[in-house]
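None of these values were measured; they are calculated from a predicted model.
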Amino acid sequence: MDGTTLWQRYQEWLYYHQELSLFVDVSRMQFDSNLINSLQPKFDKAFAQMADLEAGSIANPDENRMVGHYWLRDPDLAPKDHPEIKQRIVATLEAIEDFTAKIHSGAIHPPNAPKFTDVLSIGIGGSALGPMFVAEALAPDLPPLAIHFIDNTDPAGIDRIIHRLQYRLSTTLVLVISKSGGTPDTRNGMIEVQHAFAQAQLNFPQHAVAITGIDSKLDKQARSEGWLTTFPMEDWVGGRTSEMSAVGLLPAALQGIAIRELLAGAKLMDTATRQPDIKTNPAALMAMSWYYAGNGRGEKDMVVLPYKDSLLLFSRYLQQLIMESLGKEKDLDGNTVYQGIAVYGNKGSTDQHAFVQQLREGVPNFFATFIEVLEDRTGPSPEVETGVTTGDYLCGFLLGTRQALYENGRDSITVTIPQVNPRTVGALIALYERVVGLYAELININAYHQPGVEAGKKAAASILELQNRLIKVLQAEAAPLSLEALATKAGAEAQVETVYQILRHLAANRRSVFLQGNWGKPATVLASFKADS
């Protein structure tokens with residue numbers, strides 16, 4: 001395609017949201033009008049399904065619940081036959097603002113200091129990825145409270161965070177985020193932090209806030225122990241779409257981020273992405289492009305390249321939103337389809353020196369999404385060459401890489417925002433939430449359940465149960481056992497490899513399990529239990 005034709009195509013397919021100053025350019029996705037025509041019936045159905053979703057239809061039959069993250073930024077859209085939903089949305093937002101104001105002013109403070117200095121957020125998945133992305137993108141350089149995250153059940157990672165807070169633990173506010181209150185990773189982090197507070201002779205409840213389901217195990221614990229307060233996680237908000245709920249808004253507000261602007265940007269984008277027309281709906285344009293890129297089968301990966309340091313975590317945030325939503329074995333009719341789109345990314349122009357070489361000349365198994373930010377910085381920039389600034393270089397790398405990929409037949413989408421601020425970040429989150437919803441309808445899957453995640457949790461639980469059985473067998477044995485003999489006695493004859501891996505972990509961490517023999521040749525290993533090891 002020559003330059004003139006490409007310019008015409010650019011003008012034909014460029015979307016611009018005037019109030020947000022946001023652009024979506026899909027002109028370098030090489031679809032044609034035949035694809036648009038063939039997808040039109042699917043889009044008509046998808047637009048109708050999204051309207052039903054927002055009206056309160058049951059979208060997650062596994063749990064018989066609605067999906068209402070759109071109501072969080074426009075409570076008037078909440079189902080009229082459930083007036084309590086709108087009331088809770090409004091009341092929760094006001095409670096977040098009231099609590100934050102009292103924390104910032106010192107009206108609520110730790111027992112032995114005038115103000116809290118730090119906030120430690122404990123959560124996993126959607127309870128961490130959204131807040132982490134927003135913190136990286138929007139937190140001021142000198143926030144009212146500096147934020148830290150425990151988002152894994154990694155002991156060394158937890159130690160690192162607690163050690164960083166060692167001298168400020170007494171002025172640290174702790175957020176524990178779990179809808180059920182029973183998520184093992186979050187529970188483990190909470191117990192570790194409680195232990196750290198106890199060692200420092202600090203009263204954990206006087207520092208603690210729960211964000212959880214109403215009447216959940218965590219909610220009951222927080223109330224019975226006298227935690228500072230609790231905020232609700234609604235049943236109709238999934239973890240990966242929870243950034244506009246208390247999950248994301250409370251930590252953002254505590255850092256001094258304008259959460260009303262975050263909501264306003266999302267609301268503006270929601271309105272734009274409700275348009276039942278492909279060419280005037282930015283989410284529909286992107287969903288169509290995703291469909292084209294992977295033939296509706298996810299045959300190509302999505303590489304997300306934000307050209308701004310503050311958006312570094314955007315690709316990680318999108319990874320969960322897209323892959324957990326779209327990665328499904330079965331479609332809505334029960335057919336085995338193995339759907340999904342793999343997402344990875346880094347940031348520009350770091351990628352000029354990393355994996356762009358493969359993107360241009362390697363396996364063409366991807367399409368790219370460039371995230372462009374027009375404003376370089378808030379103030380003037382010095383010149384690094386005559387007439388050239390660092391921001392000019394960044395722009396040049398983006399446009400040059402985009403062109404280099406196009407010249408080699410590599411498709412790309414470009415999303416452009418004027419600057420990184422709460423309104424544009426809210427709009428980006430809402431845009432991708434809607435793209436995921438529309439694309440899921442195009443390929444006939446349920447974007448709002450996650451049976452694979454639940455299967456993983458059950459598998460992990462079975463491993464821990466096997467570990468307990470192994471220890472009991474070893475405790476009852478006077479002589480060391482071979483791995484096969486131990487597996488047989490524990491009722492795990494078909495899991496000898498897993499038995500070895502469990503024991504190796506326990507032995508490496510001095511957990512009273514002793515392994516005698518060559519660890520590199522498991523058949524020679526004998527296992528025993530030694531309480532004093």
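For Lys279 and Glu12, the salt-bridge test passes: some basic side-chain N is under 4.0 Å from an acidic carboxylate O. Using a 4.0 Å cut-off between charged side-chain N and carboxylate O, Arg274 and Asp74 make no salt bridge. A salt bridge between Lys347 and Glu136 is absent, with no side-chain N of the basic residue lying under 4.0 Å from a carboxylate O of the acidic one. With salt bridges taken as basic N to acidic carboxylate O contacts below 4.0 Å, one links Asp25 and Arg402.
If you check the side chains of Glu361 and Asn408, you find no donor sitting under 3.5 Å from an acceptor. Judged by distance alone, the side chains of Asn188 and Thr153 do bring a donor and an acceptor atom under 3.5 Å apart.
How far CG of Leu250 is from CD1 of Ile96: 5.5 Å, rounded to the nearest 0.5 Å. Rounding to the nearest 0.5 angstrom, the gap separating the CZ atom in Arg410 from the CZ atom in Arg28 is 15.0 Å. Distance check: Leu93 CG to Arg88 CZ gives 14.5 Å after rounding to the nearest 0.5 Å. In this structure, CE on Met288 lies 14.5 Å from NZ on Lys42, to the nearest 0.5 angstrom. Separating the CG atom in Leu268 from the CG atom in Leu431 is a distance of 12.5 Å, to the nearest 0.5 Å. Here the straight-line distance linking atom CG of Asp118 with atom OH of Tyr167 works out to 14.5 Å at 0.5 Å rounding.
Here Phe231 and Phe99 bring their ring centres to under 6.0 angstrom of each other. Aromatic pair Tyr432/Phe314: ring centres closer than 6.0 Å.
Atom CD of Glu19 has 12 or fewer heavy atoms from other residues, nucleotides or ligands within 6.0 Å. Crowding of Arg9 atom CZ: a count of heavy atoms from other residues, nucleotides or ligands under 6.0 Å exceeding 12. Within a 6.0 Å sphere centred on OH of Tyr16, other residues, nucleotides and ligands contribute more than 12 heavy atoms. Surrounding OH of Tyr393 are at most 12 heavy atoms belonging to other residues, nucleotides or ligands under 6.0 Å away.
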Can Met190 and Ser178 be said to form a side chain to side chain contact (heavy atoms under 4.5 Å, CB included), step by step?
CA-CA 11 Å; Met190 178 186 70; Ser178 172; over 6 Å; no
Quick one: do Tyr292 and Phe367 satisfy side chain to side chain contact (heavy atoms under 4.5 Å, CB included)? Show the steps, please.
CA-CA 10 Å; Tyr292 159 76; Phe367 65 99; over 6 Å; no
Does Glu97 form a side chain to side chain contact (heavy atoms under 4.5 Å, CB included) with Arg260? I'd like the steps, not just the answer.
CA-CA 10 Å; Glu97 292 176 323; Arg260 294 265 180 181; 2.8 Å; yes
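Remark: the backbone N or O of Val237 is paired with a side-chain donor or acceptor of Lys179 at under 3.5 angstrom. With hydrogens and angles disregarded, a donor-acceptor distance shorter than 3.5 Å links the side chain of Asp392 to the backbone of Thr389. Put simply, the side chain of Thr273 gets close to the backbone of Asp270: a donor and an acceptor are under 3.5 Å apart. In this structure a side-chain-to-backbone donor-acceptor pair under 3.5 Å is missing from Ser325 to Ile322. No side-chain donor-acceptor contact under 3.5 Å links Lys300 to the backbone of Ala342. A donor-acceptor pair is defined here as one N or O able to donate and one able to accept, closer than 3.5 Å; such a pair exists between the side chain of Asn281 and the backbone of Gln275.
Closest approach of Leu145 and His104 over heavy atoms only: CD1-CD2, 3.7 Å. Here the closest non-hydrogen pair linking Pro418 and Ser21 is CD-O, 3.1 Å. Closest approach of Gln319 to Val343, counting heavy atoms only: NE2-O, 2.7 Å. Scanning all heavy atoms of the two residues, the minimum distance from Leu249 to Ile259 falls at O-CG2, 3.5 Å. In terms of heavy-atom proximity, Pro131 sits nearest to Gly126 at CD-O, 3.8 Å.
Classification of the Phe133-Tyr317 ring pair by plane angle, with boundaries at 30° and 60°, yields parallel. Aromatic ring orientation, Phe116 versus His207: perpendicular (interplanar angle above 60°, classes split at 30° and 60°). Using the six-membered ring where Trp is involved, Trp7 and Tyr10 have ring planes that are parallel, under 30° apart on the 30 and 60° scheme. In this pair, Phe355 and Tyr344 present their aromatic rings perpendicular. The plane angle is above 60°, beyond the 30 to 60° band.
With Pro251 as reference, Ile147 is the one residue of Ile147, Leu173, Leu120 to meet the side-chain contact (heavy atoms from CB on, under 4.5 Å) rule.
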